[in-house]
Amino acid sequence: MLLTDYAWPDDSVERSVIEEAGHTLVTGPAEPASAEAIEELVAEHRPAGILTCWAPVSATAIGTAPDLRIVARLGVGLDNIAVDTATERGVWVTNVPDYCVEEVSDHAVGMVLAWTRGLAVSDREVRAGRWNPAGARLRRLSTLTCGVVGYGRIGRATARKLGAFGCRILAHDPHPPKDTPGVEMVGLEELLRHSHVVILHVPLTPGTHHIIGAEQLALMPPGGLLVNVSRGGLVDTDSVVKALDSGHLDGAAFDVLETEPHVPAALLDQPGALLTPHIAFSSDASVTELRRRAAEEVVRILAGGTPAHACNRPRGLTAGPGERA
C-alpha cells in the first residue's frame, strides 16, 4: 500500500490498520509532492492500494500500477484524483464523507460569530494598543438572513446550528430534499440577493468552479459576509478583494484558497478578511476517525469486500452500499 502524503505528525494510525491486516505500507513525504513525484513512487512500488490526502493521483499514476484496486481519499473532495481513469481501469475510488461534519459546520458558524461580534478585528485593535469600544460596529445575528449553498451533511448541520441563533436560513442545492423544517430552499440567485451571510458547502467540480465571482457578489446586500470552508476554487479571489475594497462586501472568511498555501498579498491586506489554513476539518477526534476509516476501506477492498463509501462504479465491478450517484 502507498500513503502518498499526510497532514499529521506520523503514519501510525494508517500503518497499524494496514499492517494488522498483513499488508505492507510505504509512505511518501508528509508534504504533498508533485504529480510527477507521485507517479514515480507508484511506478517504483506498484501498490495494490493508494491512500492520498492532498497529493495528486493522476491518470498516469493509476495507469502505471497494474495491481491497483483502490484509491482511498483521506478526506471528502476528489479533485486531486483522476476518478475517470480509475473507473475505466476497474479501480475503486473512496472517501470518508462524514468524518468532519461537526467540525466544518462549527468552523463556519464560528467564522460567522467572529464577524457579527467583531472578535478578530477587536483582538487586533487591542493588541495594537487601541481600546475603542465606541468604534465597534457589531451585528445581531438573529436579525440576519444566512444563505447556505450546498445542503448536504455539512450544510444541514450548519443550517441547524445557525437556526438556533434565530436567524432566517435560506439554502440552495441542485438536489433539494423534500423536508427542510426551518429552512427555505431557493435558487442561487435568490439566495444571494437576500443573504447577509453566504456560506459555501459544495464540492469543487467543473460546474462549481468560481461559482462565486463578481456577478454573484454584486447580488448580495451591501456589507455582507462570504464564508468558504469547502474548496478555494469555488471563489474568484480577485473579485472578493475588489468587493472588499469597494465596501460592498464587509467580510470574507476563508479556510481554503485557490492558491493555497500561497495567500495573495491583496487578500492579506484586507482588514475584513478572516483566514485560517485549511483546518476546518480538524479535531483530535475527526482526524483519528478519518485516518482509521480510510485505511479500513483499503483493507476491505483487498479482502474482497465492497467499500462503505464508493465514489465511482468501476468498470466490471459492482458498487457497494455507499456508492454515490
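Along the sequence shown, residues carry numbers from 1.
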Inset, instruction - Kindly indicate, with the supporting measurements, whether the criterion side-chain contact (heavy atoms from CB on, under 4.5 Å) is fulfilled by Glu44 and Val26. - result: CA-CA 11 Å; Glu44 178 183 357; Val26 175; over 6 Å; no
Legend entry - Stepwise side-chain contact (heavy atoms from CB on, under 4.5 Å) test for Trp131 and Val126: CA-CA 6 Å; Trp131 189 272; Val126 171; 4.1 Å; yes
Legend entry - Stepwise side-chain contact (heavy atoms from CB on, under 4.5 Å) check, Ile154 with Ser230: CA-CA 10 Å; Ile154 300 174; Ser230 294; over 6 Å; no
Inset, instruction - Start with the C-alpha distance between Trp92 and Asn312, add both sets of side-chain angles, then the distance that settles side-chain contact (heavy atoms from CB on, under 4.5 Å), and finish with yes or no. - result: CA-CA 7 Å; Trp92 289 109; Asn312 66 339; 3.8 Å; yes
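A salt bridge does not link Arg193 with Glu190: every distance from a Lys NZ or Arg NE/NH1/NH2 to an Asp or Glu carboxylate oxygen is 4.0 Å or more. One finds no salt bridge joining Asp173 and Arg156 here, because no Lys/Arg side-chain nitrogen approaches an Asp/Glu carboxylate oxygen to under 4.0 Å. Under the 4.0 Å criterion applied to side-chain N and carboxylate O atoms, Arg153 and Glu103 are not assigned as salt-bridge partners.
Here the side chains of Val263 and Pro277 are not in contact, with every heavy-atom distance at 4.5 Å or above. A heavy-atom distance below 4.5 Å is found between the side chains of Leu78 and Val93. Put simply, the side chain of Glu125 does not reach to within 4.5 Å of the side chain of Asn132, judged on heavy atoms. Between Val235 and Glu258 there is no side-chain heavy-atom pair separated by less than 4.5 Å. Side-chain contact between Tyr151 and Val183 is present, with heavy atoms from C-beta onward closer than 4.5 Å. Side-chain atoms of Thr52 and Asp5, non-hydrogen and from C-beta on, do get closer than 4.5 Å to each other. Residues Leu74 and Leu51 have side chains in contact (heavy-atom distance under 4.5 Å, counting atoms from C-beta outward). A heavy-atom distance below 4.5 Å is found between the side chains of Pro29 and Leu41.
Hydrophobic clustering keeps Val121 apart from Leu275 (ILVMFWY residues linked when any side-chain heavy atoms are closer than 4.5 Å, directly or through intermediates). Following chains of ILVMFWY side-chain contacts shorter than 4.5 Å, one cannot reach Val229 starting from Leu170, and the two form parts of different hydrophobic clusters. Criterion: ILVMFWY side-chain heavy atoms under 4.5 Å apart, direct or through other members. Under it, Leu225 and Ile211 are not part of a common hydrophobic cluster. Under the 4.5 Å side-chain heavy-atom criterion for Ile, Leu, Val, Met, Phe, Trp and Tyr, Val198 and Val112 are members of distinct hydrophobic clusters. Hydrophobic clustering (ILVMFWY, side-chain heavy atoms < 4.5 Å, transitive): Leu249 and Leu257 are in one cluster.
Side-chain atoms of Ser195 never come within 3.5 Å of backbone atoms of Leu192 as a donor-acceptor pair (strictly under, hydrogens ignored). Not a single donor-acceptor pair under 3.5 Å links the side chain of Thr276 to the backbone N or O of Ile279. Panel note: side chain Asn95, backbone Gly75; no donor-acceptor pair is recorded below 3.5 Å. A donor-acceptor pair under 3.5 Å is formed between the side chain of Glu297 and the backbone N or O of Ala308. A donor-acceptor contact shorter than 3.5 Å links the side chain of Thr205 to the backbone of Thr208. Between the Arg139 side chain and the Leu144 main chain, no donor and acceptor come within less than 3.5 Å of each other. Between the side chain of Ser122 and the backbone N or O of Leu119 there is no donor-acceptor pair closer than 3.5 Å. A donor-acceptor pair under 3.5 Å links the side-chain atoms of Gln216 to the main chain of Gly213, judged by distance alone. Judged purely by atom type and a 3.5 angstrom limit, His278 has no side-chain atom pairing as donor or acceptor with the backbone of Val256. In this structure a side-chain-to-backbone donor-acceptor pair under 3.5 Å is present from Asn228 to Arg231.
Here Lys242 contributes atom NZ and Leu217 contributes atom CG; the two are 11.5 Å apart, rounded to the nearest 0.5 Å. Atoms CZ and OG1, on Arg137 and Thr116 in that order, are 15.5 Å from each other to the nearest 0.5 Å. For the atom pair His45 NE2 and Leu2 CG, the distance stands at 7.0 Å (nearest 0.5 Å). Expressed to the nearest 0.5 Å, how far CD1 of Ile301 lies from CG of Leu68 amounts to 11.0 Å. Considering CG of Asp106 and OG of Ser283, their distance stands at 9.0 Å, rounded to 0.5 Å. If you take CG on Asp238 and CG on Leu267, they are separated by 10.0 Å, rounding to the nearest 0.5 Å.
Ring pair Phe281/Trp54 is perpendicular by interplanar angle, where above 60° counts as perpendicular and below 30° as parallel.
Counting all heavy atoms, side chain and backbone alike, Ala48 lies closest to Met1 at CB-CE, 3.8 Å. The minimum heavy-atom distance between Tyr6 and Cys53, with the atom names listed, is CA-CB, 4.3 Å. Closest of all the heavy-atom pairs between Lys161 and Ser105 is NZ-OG, 2.7 Å. Heavy-atom minimum distance, Ala252 versus Val240: CB-CG1, 3.7 Å. Taking both residues in full, the closest heavy atoms of Ala294 and Arg73 are given as CB-O, 4.2 Å, listed atom of the first, atom of the second, then distance. Of all heavy-atom pairs between Thr288 and Val13, the closest is O-CG1, 4.4 Å.
Within a 6.0 Å sphere centred on CZ of Arg124, heavy atoms belonging to other residues, nucleotides or ligands number more than 12. In the displayed structure, Arg127 atom CZ is contacted under 6.0 Å by at most 12 heavy atoms of other residues, nucleotides or ligands. By the neighbour-count criterion of 12 heavy atoms within 6.0 Å, atom CD of Glu19 is densely surrounded, having more than that number from other residues, nucleotides or ligands.
Of the N and O atoms on the side chains of Arg15 and Thr27, at least one donor lies less than 3.5 Å from an acceptor on the other residue. A side-chain donor from one of Glu39 and Ser58 sits under 3.5 Å from a side-chain acceptor of the other. A donor-acceptor pair shorter than 3.5 Å can be found between the side chains of Arg293 and His309.
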